[in-house]
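Single-structure report; data block below.
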Amino acid sequence: MPGRASWPTPRETAQGGVMRLSRYFLPVLKETPAEAQIVSHRLMLRAGMIRQQAAGIYSWLPLGYKVLRRIEAIVHEEQERAGHIPLLMPTLQPADLWRESGRYDDYGEEMLRITDRHKRDLLYGPTNEEMITDIFRAHVGSYKDLPLTLYHIQWKFRDEIRPRFGVMRGREFLMKDGYNFDVDRDAAVHAYNRHMVSYLRTYERMGLQAIPMRADTGPIGGDLSHEFLVLADTGESEVFYDSAITDLAFGERAVDFHDPQACADVVAEWTAPYARTDETHDAAVFAEVPEARRRTRRGIEVGQIFNFGTKYSEPMGATVSNAQGKQVPVHMGSHGIGVSRLVGAIIEASHDEAGIIWPEGVTPFHCGIVNIKSGDSETDGACERIYAALRAKGLDPLYDDREERAGAKFATMDLIGLPWRITVGPRGLKVGTVELTSRRTGESEEVSPEAAIDRIAAIYSGR
RNA sequence: CGGAGUGUAGCUCAGCCUGGUAGAGCACUGUCUUCGGGAGGCAGGGGCCGCAGGUUCGAAUCCUGCCACUCCGACCA
């Protein structure tokens with residue numbers, strides 16, 4: 001076979017065997033289930049990512065679960081980069097903690113209340129301010145232990161009156177929520193700024209532009225808050241912004257998260273242009289933006305940061321000794337990223353008529369390998385070698401080895417949205433080439449197998 | 001929670017008005033022909049028709065109640 005001598009040597013990797021589509025669990029649907037109204041929900045069902053189990057409650061099937069885990073991994077990496085410390089709190093919480101803060105009665109019907117066999121009141125946590133404060137007050141007593149930011153990624157439950165839009169507004173949802181503890185307001189504001197910088201990085205890695213917009217503090221309380229919104233026509237909030245903000249990009253800049261001024265500078269840059277949701281929109285201020293740069297669109301909220309000072313620490317007695325030996329309530333803030341919601345938001349922001357288009361940062365598989373003629377020893381062998389070479393480079397490809405026609409395989413690949421596709425057929429192999437296709441642009445080029453492998457490895461290097 | 005709908009095969013739906021042996025397409029199994037953008041033929045498998053009562057000789061179909069889900073609204077990471 002021409003070109004074979006130069007192909008990479010097949011090798012098993014520590015990550016396991018070949019992920020053949022014929023042996024995978026990917027229940028794709030040709031038709032759209034009737035209940036799905038918005039594009040991300042339809043595509044998640046059609047691509048076999050989720051299955052609804054009850055209103056607003058979903059199972060995450062293998063493909064969806066992979067994306068969820070990739071998003072989760074990015075959030076963890078960026079949190080730890082900012083110096084935040086992961087832990088894990090339970091989904092069920094004792095009601096007494098919430099009685100202490102006064103929110104047990106305030107929270108209303110959205111809180112799912114549960115009684116155990118001993119008739120003790122529990123709740124499925126919609127958030128964790130009370131519990132983290134309890135942990136803090138039990139173990140931290142000195143300003144010397146500050147600053148401290150703890151976070152976790154855990155399932156939450158809010159008993160929405162009317163769940164809709166698939167995972168974008170489910171009742172059960174996966175969320176990263178973090179809590180900063182600082183000795184005074186200045187330190188807490190730095191924590192706030194640090195979170196904004198960290199979030200900008202986080203969303204960019206997911207291929208999203210999430211715009212920080214001044215927000216109401218709502219039931220969390222406090223004096224300072226921004227929401228991060230992804231622009232999409234199906235967004236639930238109307239947003240108003242100066243187009244200057246969408247020209248900003250965090251890029252590769254290295255910000256020292258421990259440097260208050262460096263973080264404040266970034267925040268100043270991103271909060272200078274007008275950007276507000278309908279909750280905080282001020283038409284008079286917006287009118288000062290040059291008309292050509294005024295934009296009104298819709299957005300999906302994918303995160304929010306709050307500084308709320310001593311709202312929880314005071315009633316719950318979370319204090320530390322300051323440098324003067326005096327007991328002072330700790331200053332706190334909380335910060336959330338809607339991890340499961342992001343899966344839907346990314347699809348809303350990145351799809352076409354044929355299906356999903358995953359950004360490289362979150363794609364469930366790095367690329368697809370389509371065998372045009374399964375059962376043919378030449379194409380089978382070439383696909384296996386390409387697969388092994390990609391795995392040897394630390395990549396995670398999906399190999400479509402099914403006994404299907406080419407059109408069906410292409411349609412499946414387009415639907416599930418892998419950003420790159422290597423098509424291997426007898427026609428190309430005769431002249432030593434495969435086809436490398438970009439899902440986003442649809443552009444294809446005929447290249448040697450090793451060139452295709454190198455290109456894909458280069459695209460993902462550093463991610 | 002107010003208003004409006006829908007529950008029949010894994011998915012999309014017909015059948016219900018006018019009661020009489022449960023259907024189609026896709027998907028699935030076998031087989032033949034195909035084979036670079038969701039192919040075609042032949043032969044198959046698969047349903048407590050959402051649940052419970054009622055009316056009737058007979059109920060997917062008519063009546064009552066309940067449950068679930070969806071949409072619009074108010075609410076919302």
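Numbers restart at 1 for each chain; the letters A, B, ... are given by sequence-line order, proteins then strands.
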- What nucleotide, of B:C76, B:C69, B:A74, holds the atom closest to the side chain of A:Ala54? B:C69

- Heavy atoms under 4.0 Å, any strand shown: does A:Gly336 hit a base, just sugar-phosphate, or nothing? nothing

- From the list B:C75, B:G36, B:G38, which nucleotide is the closest neighbour of the side chain of A:Thr412? B:G38

- Qualifying residue for salt bridge (Lys or Arg N to Asp or Glu O under 4.0 Å) with A:Arg137, from A:Glu100, A:Glu314, A:Glu130: A:Glu100

- Query: Tell me, which of residues 67-79 of chain A have any heavy atom that sits under 4.0 Å from an atom in RNA chain B?
  - Reply: none

- Task: Specify whether A:Tyr151 and A:His84 have parallel, tilted or perpendicular ring planes, treating 30° as the upper limit for parallel and 60° as the lower limit for perpendicular.
- Result: perpendicular

- Message: Between B:G37 and A:Arg421, counting only base atoms on the nucleotide and side-chain atoms on the residue, is there a donor-acceptor pair under 3.5 Å?
- Response: yes

- Task: Please identify each residue that fulfils ring pair (Phe, Tyr, Trp, His ring centres under 6.0 Å) with A:His366, with sequence neighbours left out.
- Result: A:Tyr460

- Under 3.5 Å donor-acceptor pair, A:Arg158 side-chain atoms to B:C76 base atoms: no

- For A:Gly170, answer base if it contacts any base atom (sugar-phosphate contacts may also be present), sugar-phosphate if it contacts only those atoms, and nothing otherwise; contact means non-hydrogen atoms under 4.0 Å. base

- Message: Here's a test of your reading of the structure: between A:Ala354 and A:Ile337, which maps to the more 5' nucleotide of RNA chain B?
- Response: A:Ala354

- Query: Nearest to the side chain of A:Glu435, which nucleotide is it out of B:C72, B:G36, B:U70?
  - Reply: B:G36

- For A:Phe250, side-chain contact (heavy atoms from CB on, under 4.5 Å) partners two or more places apart: A:Val197, A:Leu200, A:Arg201, A:Glu204, A:Arg253, A:Val255, A:Val266, A:Trp270

- Query: What is the nucleic acid contact for A:Glu236, judged by heavy atoms within less than 4.0 Å: base, sugar-phosphate only, or nothing?
  - Reply: base

- Message: Heavy atoms from C-beta onward define the side chain here; which of B:G36, B:U70, B:A74 lies closest to that of A:Arg427?
- Response: B:G36

- Only counting residues at least two apart or in another chain, list the ones meeting salt bridge (Lys or Arg N to Asp or Glu O under 4.0 Å) with A:Glu236. A:Arg341

- Message: Run the side chain to side chain donor-acceptor pair (under 3.5 Å) test on A:His152 and A:Asp177 for me, step by step, so that the C-alpha distance in whole Å, both residues' side-chain angles and the decisive distance to 0.1 Å come before the verdict.
- Response: CA-CA 6 Å; A:His152 74 338; A:Asp177 49 322; 2.9 Å; yes

- Do we get A:Arg69 above A:Tyr65's six-membered ring, with its NZ or CZ under 6.0 Å from the centre and within 45° of the axis? yes

- Query: Between B:C71 atom P and A:Phe165 atom CZ, what is the distance in whole Å?
  - Reply: 8 Å

- Task: Return the value, rounded to whole Å, for the distance between atom CD of A:Glu403 and atom P of B:A39.
- Result: 15 Å

Quick test: give all pairs of protein nitrogen or oxygen and nucleotides 9-16 of chain B nitrogen or oxygen below 3.5 Å, distance rounded to 0.1 Å.
unit_1 : atom_1 : unit_2  : atom_2 : d
B:C11  : O2     : A:Glu31 : OE1    : 3.3
B:U12  : OP1    : A:Ala34 : N      : 2.5

- Task: Can you check each nucleotide of nucleotides 27-35 of chain B against protein heavy atoms at under 4.0 Å and return B for base, S for sugar-phosphate only, - for none, in 5' to 3' order?
- Result: S------BS

- Message: Surrounding CZ of A:Arg113 (heavy atoms of other residues, nucleotides or ligands, distance under 6.0 Å), is the total greater than 12?
- Response: yes

- Message: Once hydrogens and angles are ignored, does a donor-acceptor distance under 3.5 Å link the base of B:C76 to the side chain of A:Arg171?
- Response: no

